[in-house]
Every structure is written in structure tokens, then in C-alpha cells.
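Structure provided below as C-alpha cells; questions to follow.
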Amino acid sequence: MKKVLFVCLGNICRSPSAEGMFRALLVRRGLEGRFGADSAGTGNWHAGATPDPRAQAAARKRGVDLSGLRARSVSPDDFARFDLVAGMDENNVEDLLESCPPALRGRVRLFTEFTASRPEGGVADPYYGGPEGFDRMMDLIQEGVEGVLAHLEALEEGAG
Ligand code: 4NP
């Protein structure tokens with residue numbers, strides 16, 4: 001099974017939203033048995049917390065329930081366990097590359113590489129802004145999860 005780990009700073013806004021949207025896409029396509037997803041934060045302040053209520057509200061508008069997710073921080077073995085480690089912004093990617101074993105660095109990618117619009121710097125942190133930031137975040141995530149699925153499908157084909 002090919003798996004993606006979505007990573008942001010706190011694991012309460014961007015990466016759990018991406019995890020929830022990706023899982024919903026798998027259900028819509030009937031692919032839950034073939035691909036897996038999780039999310040984590042480079043920081044540990046929110047470990048065990050549910051996603052930010054503003055992220056939950058933005059996801060709910062798109063029919064996605066994030067309430068069952070709980071925050072955790074990135075663990076050293078994540079780089080071996082996940083085929084793709086998608087940092088939501090460039091700072092996340094930098095932090096991930098610092099802790100990633102050199103041989104696995106190719107698995108670490110910027111999430112917005114998989115979007116059509118490819119905004120510079122990645123998905124902006126919506127934590128200190130208003131609700132509109134969360135809707136913009138969700139638009140980008142909706143674009144990106146399609147590209148992430150295509151990437152995992154290509155990896156699966158490559159693996160034979
Ligand atoms: P996230 O957003 O990285 O998308 O989960 C943030 C959540 C919390 C904090 C920063 C960003 N914080 O500083 O507590």
C-alpha cells in the first residue's frame with residue numbers, strides 16, 4: 001500500500017485538512033484499500049489535540065469530517081514508513097529535510113508541487129488570520145490531493 005504523510009507546523013490546521021480531504025477522495029474513488037494517509041506536525045505543542053475548529057468548519061463545508069483526527073509530531077521512522085512526505089509550506093520542507101535520513105530525502109516534497117496553481121512558498125499558514133484564509137487553504141488542498149493521488153498511483157505502477 002502506498003502512503004502519504006502530510007506535514008505542517010502544528011498538525012491542527014493544514015495537514016489534518018489535507019489528510020481528511022485525501023481520505024475523502026479515496027472513498028469517492030473506491031481506493032481506500034490501495035492508498036493510505038496520515039498527518040503530523042514538525043512541532044509538538046498540539047499533540048493529542050483535535051483540528052482547529054476553523055479548519056473543521058472549512059472542511060465540513062466540503063462534506064469532510066475532521067473531528068476524529070488527533071495531532072502528533074513527526075517521528076524519525078515516518079520517512080521509512082511513508083512513500084511521500086508532503087510538507088505544506090517551504091519551512092516545513094526545510095525542517096523535514098533536516099531530520100530525514102539522506103537516502104530518503106527524495107520522499108520529501110512541497111505539497112503545492114502537486115497543485116495546478118503552484119503558489120510560491122506552499123500553503124500559507126492560516127492560524128493567525130480569519131476564516132477566509134481557511135477557505136483559501138481548502139481550495140489549494142482540494143487541488144493538491146488530486147495530484148498527490150496521481151503521484152502515489154505512479155509510484156504504485158513503478159513498483160510493479
Ligand atoms: P498548522 O497551523 O501548522 O497548519 O497546523 C498552525 C497551528 C498552530 C500554530 C502555528 C500554525 N501555533 O503556533 O500554535
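Note that ligands are numbered from 1 as they come in the structure, with each ligand's atoms numbered from 1 the same way.
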Report, one line per pair, each donor and acceptor closer than 3.5 Å where one atom sits in a side chain of residues 93-102; sequence neighbours left out.
from, atom 1, to, atom 2, distance (Å)
Ser99, OG, Leu96, O, 3.3

*Would a 4.5 Å heavy-atom cut-off, applied to side chains only, mark Phe22 and Leu152 as touching?*
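A side-chain contact exists here, since the closest heavy-atom pair is under 4.5 Å.
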*Looking only at non-hydrogen atoms, find the nearest pair between Leu66 and Gly20 and report the distance.*
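Between these two residues, the closest heavy atoms are CD2-CA, 3.7 Å.
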*Residue contacts for ligand 1, heavy atom to ligand atom, distance under 4.0 Å*: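 Near ligand 1, by chain and number: Cys8, Leu9, Gly10, Asn11, Ile12, Cys13, Arg14, His46, Asp125, Tyr127, Tyr128.
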Review item, side-chain donor-acceptor pairs of residues 136-148, under 3.5 Å, at least two apart:
from, atom 1, to, atom 2, distance (Å)
Asp139, OD1, Arg62, NH1, 3.2
Asp139, OD1, Arg62, NH2, 2.8
Gln142, OE1, Arg62, NH1, 2.5
Glu143, OE1, Ala116, N, 3.1
Glu143, OE1, Ser117, N, 3.0
Glu143, OE1, Ser117, OG, 3.0
Glu143, OE2, Ser117, OG, 3.3
Glu146, OE1, Arg29, NH2, 2.8

For residues 118-133, run the donor-acceptor check on the side chains, cut-off 3.5 Å, and write out each pair with its distance to 0.1 Å, sequence neighbours left out.
from, atom 1, to, atom 2, distance (Å)
Arg118, NH2, Glu113, O, 3.3
Asp125, OD1, Tyr127, N, 2.9

*Is there a donor-acceptor contact under 3.5 Å from the side chain of Arg54 to the main chain of Pro51?*
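Such a contact is absent between Arg54 side chain and Pro51 backbone.
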